[in-house]
Every structure is written in structure tokens, then in C-alpha cells.
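See below for the structure under consideration.
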Amino acid sequence: MNNSTSVLVVEDDRPIRSLISTALKSRDYKIETVATGNEALMVVTGHAPDIIILDLGLPDIDGVNIIRKVREWSQLPIIVVSARCNDEDKINALDAGADDYLTKPFSVDELLARIRVAARRLQYLHDMSDEKNSPVFVNGGLQIDYSSACVTVNGQDIHLTPIEFKLLSLLSENIGRVLTHNFILKEVWNQSLPNDTQSLRVYIASLREKVEEPLGEKVIQTHIGIGYRMIRL
């Protein structure tokens, strides 16, 4: 783990804020804590942290609005930790631009695992920034050449339909981030299939057969009722 990773904890509940802070400090993360949305925005605009852990139920600004504001200028990973546990709340936060969503009460070990996923996504964003001229994505044995629309698994060419390629590319470009059904439908089908999650499931199943089976590893993670995420191998 890179102990230079900085985390902003936005949480108005003092015991939970203390719990998260203690867990992160024990793993050598650099942390800053705030209790309000306005304080969070000041920190992010003043000296952007690497990762944000965000409660939604803040006393001044709803957390979803904070996500939208941050996404106006930054793609830094945002992990929501909230007592709001229904699917609609999760979807709203993820559609606003959150990378992940954890409900309270939560396991500290699970939170740390989510932070590690976010840190890997952060590293991927940095690598992509450093390799702007490289149109090739590599994740384990999976390789995607965006410019030629070619996909290989363990060196073998994989034939994908145009929709399958667009879907796989979208997941890879957002690796580590949970993408909601509606976000994927909008990006891949331009909202021509609103709320048609059944069609999406069919395409995901096809990708799993064509990509995951020869790869021998699970690379597309399902979040039931929410959406999908590509995981870093």
C-alpha cells in the first residue's frame, strides 16, 4: 500500500468519524476529517485528497449534491458510507458519480477493502493520464485495443458484437467503479432502451461467456439491483 494516499472523511457522526479515522491511521493513510458538506468542498477545492469517504446525511448539504459538485471538476474516487440502504438511494449516489456505496453499520475490513479498490482505480487514472497516446487497456489476461476495436484474452482474439465491445469498453474505462443499470443503458444505448435491464443482463451474460470463461477469472462483478463493475485482476 502507498502510505502517501490521502483520504478525506466527511462524516458528522463523531463516533463513526473516529472509527474510520482510527482504522485508516493504523494503515498509514494520511487523513483529514470534516463534519459538514461546506467544509468538505473547501478541502477538496483547496488541496484535493486522493479519495473521499462521504456520508450522505450531512447537516448542511445532501451528500448527493456534494458528489455532483465534485464531479464538475474531478474524477477522484468517492466512497459513500451511509445509513440510507434502499436501492434508490444507492442508485442516486452512483448515478451522481460515486464510485462505491457501503451501508451502515459496516465492517471496517470491508471499508478498507473498498478503499483499496478505490486506490487501484486512482492508480489506473494516473496511468491513463501518463499514457494518453496508448489506446490499449490491459487487465490481467484481458486486452482491449480501443482504436482497432480488438479484444484478446490470454493472447487469443475474441469476437464481440459492436454492442458487446461498447459495453466492455465502458466497464474498462471505469474500472473499479460501480456503474448503475441506467448509466450503462444511457452510455451504450443512448437511452433507447430505458430501464431495459433484461437486455443488459443478456449482454453481460454473453460477455461473461466470451471473456470470463477463456480468461478463467471473474472480471465483471454484479451488484444486485444496482449495476456492474469491472474489477482489477
Side-chain angles (χ1 to χ4, degrees), residues 10 37 51-58 61-104 106 110 114 117-118 120-122 124-125 128 137 139 142 144 146 149 151 160-212 218-232:
V10 188
I51 298 169
I52 299 176
I53 297 176
L54 176 68
D55 181 25
L56 296 183
L58 299 171
I61 306 175
D62 187 83
V64 172
N65 290 330
I66 293 175
I67 296 168
R68 292 195 181 105
K69 287 179 181 294
V70 172
R71 284 292 173 257
E72 290 176 2
W73 77 85
S74 174
Q75 289 301 312
L76 66 88
I78 300 174
I79 303 172
V80 170
V81 178
S82 175
R84 301 178 190 175
C85 58
N86 64 56
D87 286 353
E88 183 178 357
D89 288 320
K90 295 178 183 179
I91 289 168
N92 287 339
L94 293 166
D95 275 343
D99 289 74
D100 210 341
Y101 196 110
L102 193 61
T103 55
K104 301 174 182 177
F106 59 90
E110 183 174 6
R114 303 292 181 95
V117 169
R120 288 194 293 270
R121 171 164 164 72
L122 182 68
Y124 171 70
L125 291 173
M128 288 296 289
F137 167 86
N139 186 19
L142 171 64
I144 304 171
Y146 298 125
V151 175
L160 299 181
T161 67
I163 289 292
E164 289 169 345
F165 180 80
K166 194 171 182 180
L167 176 55
L168 186 66
S169 296
L170 180 66
L171 290 167
S172 68
E173 289 163 358
N174 293 275
I175 189 168
R177 179 181 170 193
V178 179
L179 304 183
T180 65
H181 297 134
N182 287 340
F183 178 85
I184 296 171
L185 290 168
K186 177 182 177 181
E187 294 297 314
V188 176
W189 286 277
N190 298 316
Q191 291 185 315
S192 61
L193 298 173
N195 300 316
D196 190 357
T197 55
Q198 180 56 41
S199 294
L200 178 56
R201 280 195 292 269
V202 170
Y203 280 100
I204 289 290
S206 179
L207 279 180
R208 284 184 167 139
E209 181 179 350
K210 292 181 177 181
V211 174
E212 289 187 338
K218 294 291 184 183
V219 71
I220 301 173
Q221 186 180 66
T222 298
H223 291 255
I224 298 173
I226 306 296
Y228 302 94
R229 162 170 43 196
M230 178 176 286
I231 57 177
R232 172 65 70 183

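Only heavy atoms go into these numbers, but all of them, side chains included; no hydrogens, no water, no symmetry mates.
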Can you measure from [atom1] ([X]) to [atom2] ([Y]) and round to the nearest 0.5 angstrom?
{"X": "Ser199", "Y": "Trp189", "atom1": "OG", "atom2": "CH2", "value": "6.5 Å"}
{"X": "Asn182", "Y": "Asn92", "atom1": "CG", "atom2": "CG", "value": "10.0 Å"}
{"X": "Arg68", "Y": "Ile61", "atom1": "CZ", "atom2": "CD1", "value": "12.5 Å"}
{"X": "Thr180", "Y": "His223", "atom1": "OG1", "atom2": "NE2", "value": "11.5 Å"}
{"X": "Phe106", "Y": "Ser82", "atom1": "CZ", "atom2": "OG", "value": "11.0 Å"}
{"X": "Phe137", "Y": "Ile175", "atom1": "CZ", "atom2": "CD1", "value": "4.0 Å"}

Return the minimal non-hydrogen interatomic distance between [X] and [Y], and the atom names on each side.
{"X": "Val188", "Y": "Leu167", "value": "CG2-CA, 4.1 Å"}
{"X": "Ile91", "Y": "Gly225", "value": "CD1-O, 3.8 Å"}
{"X": "Gly37", "Y": "Ile66", "value": "CA-CD1, 3.3 Å"}
{"X": "Ala93", "Y": "Leu56", "value": "CB-CD1, 4.5 Å"}
{"X": "Glu187", "Y": "Leu170", "value": "CB-CD2, 3.7 Å"}
{"X": "Pro77", "Y": "Leu122", "value": "CD-CD1, 3.8 Å"}

ask   = If you count the non-hydrogen atoms of other residues, nucleotides and ligands that lie under 6.0 Å from NZ in Lys166, is the total more than 12?
value =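 Above 12, so yes.
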query = Is the Tyr228 ring parallel, tilted or perpendicular to the His181 ring (thresholds 30°, 60°)?
reply = perpendicular
ask   = Could you go step by step and tell me if Lys186 and Asp95 meet the salt bridge (charged side-chain N to carboxylate O under 4.0 Å, His left out) rule?
value = CA-CA 11 Å; Lys186 177 182 177 181; Asp95 275 343; over 6 Å; no
Is any side-chain heavy atom of [Y] closer than 4.5 Å to one of [X]?
{"X": "Leu160", "Y": "Leu207", "result": "yes"}
{"X": "Asn139", "Y": "Arg232", "result": "yes"}
{"X": "Ile163", "Y": "Tyr203", "result": "yes"}
{"X": "Met230", "Y": "Leu179", "result": "no"}

Ignoring hydrogens and angles, tell me if any N or O in the side chain of [X] forms a donor-acceptor pair with the backbone of [Y] under 3.5 Å.
{"X": "Arg208", "Y": "Val211", "result": "no"}
{"X": "Ser169", "Y": "Phe165", "result": "yes"}
{"X": "Glu212", "Y": "Ile220", "result": "yes"}

inquiry  = Going by salt bridge (charged side-chain N to carboxylate O under 4.0 Å, His left out), Asp100 matches just one of Arg120, Arg114, Lys90. Which one?
reply    = Arg114
key: Derivation of the side chain to side chain contact (heavy atoms under 4.5 Å, CB included) call for Val10 and Asp55   = CA-CA 6 Å; Val10 188; Asp55 181 25; 5.9 Å; no
query = Checking side chain to side chain donor-acceptor pair (under 3.5 Å) for the pair Asp89/Asn86: CA distance, chi angles, key distance, verdict?
reply = CA-CA 6 Å; Asp89 288 320; Asn86 64 56; 3.0 Å; yes
request  = Only one of Arg177, Arg121, Arg229 passes side-chain hydrogen bond (donor to acceptor under 3.5 Å, both in side chains) with Asp99; say which it is.
outcome  =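 Going through the options one by one, the only one that passes is Arg121.
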